[in-house]
Amino acid sequence: QVQLVESGGGLVQPGGSLRLSCAASGFTLDVYKIGWFRQAPGKEREGVSCINRGGGITHYRDSVKGRFTISRDTAKNAVYLQMNSLKPEDTAVYFCGATSSRVGVASICQTNNMDYWGKGTLVTVSS
């Protein structure tokens, strides 16, 4: 069964850090481009960060640049999102998605058009 599972969400104070993980089962992640997306209450899902198959090309939305880092570990069949200096506006359900699309990672982050999706993990930034 093809499945993506996110983990690592939780409640954190402003300025804190979290590391989200996206693990795959039933398929190999390294042949897919991966994206992290988020959806806050009452808002549409938006791309946060995307990474190409080799891991050498990444894209970040402007509001997380310098604070978030996306990475992938082929041996563990997983992708990570390190989130530092978290702000209340980062509060959302975070999803990972995988796509075989040939478009660039910037376009992937902007279109939300993924082949596979996880169910999400909730990140709450609050004091």
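When reading the values below, keep in mind they use all heavy atoms of this one structure, side chains included, and skip hydrogens, waters and symmetry mates.
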Would you indicate whether the side-chain heavy atoms of [Y] and [X] approach each other to under 4.5 Å?
X: Y60; Y: S49; value: yes
X: V103; Y: I108; value: yes
X: W36; Y: V79; value: yes
X: L11; Y: S126; value: yes
X: L18; Y: L86; value: yes
X: D90; Y: M83; value: no
X: L20; Y: Y80; value: no

E44, CD: over 12 other non-hydrogen atoms inside 6.0 angstrom
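Not more than 12 within 6.0 Å, no.
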Counting only heavy atoms not in I57 (residues, nucleotides, ligands), do more than 12 fall under 6.0 Å from its CD1?
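For I57, atom CD1 is not crowded (no more than 12 foreign heavy atoms under 6.0 Å).
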Considering all heavy atoms, the nearest [X]-[Y] contact:
X: M114; Y: I34; answer: CE-C, 4.4 Å
X: A24; Y: L29; answer: CB-CG, 3.4 Å
X: G35; Y: C50; answer: CA-SG, 3.6 Å
X: S17; Y: S85; answer: OG-N, 4.3 Å
X: T121; Y: E6; answer: CG2-CB, 3.9 Å
X: N52; Y: G56; answer: OD1-N, 3.0 Å

Would [X] pass as a cation-pi partner of [Y], given that its NZ or CZ must be under 6.0 Å from the six-membered ring centre and within 45 degrees of the axis?
X: R53; Y: Y32; answer: no
X: R45; Y: W117; answer: yes
X: R38; Y: F95; answer: no

Chi angles and distances behind the side-chain hydrogen bond (donor to acceptor under 3.5 Å, both in side chains) call for D30, T74
CA-CA 6 Å; D30 63 359; T74 299; 4.7 Å; no
Take N77 and F27 through the side-chain contact (heavy atoms from CB on, under 4.5 Å) test and state the conclusion after the steps.
CA-CA 9 Å; N77 204 26; F27 69 110; over 6 Å; no
Quick one: [atom1] on [X] to [atom2] on [Y], what's the gap to the nearest 0.5 Å?
X: Q13; Y: S127; atom1: CD; atom2: OG; answer: 7.0 Å
X: Q39; Y: N112; atom1: CD; atom2: CG; answer: 9.0 Å
X: S107; Y: N113; atom1: OG; atom2: CG; answer: 11.0 Å

In sequence, state the C-alpha distance, the side-chain angles, and the governing distance for T69 and L81, and then conclude on side-chain contact (heavy atoms from CB on, under 4.5 Å).
CA-CA 6 Å; T69 303; L81 185 67; over 6 Å; no
Hydrophobic cluster membership, [X] vs [Y], 4.5 Å side-chain cutoff:
X: I70; Y: V105; result: no
X: Y116; Y: V31; result: yes
X: F37; Y: V93; result: yes

Between D62 and K65, does at least one N-O distance fall below 4.0 Å, as a salt bridge requires?
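Result for this pair is yes, salt bridge flagged.
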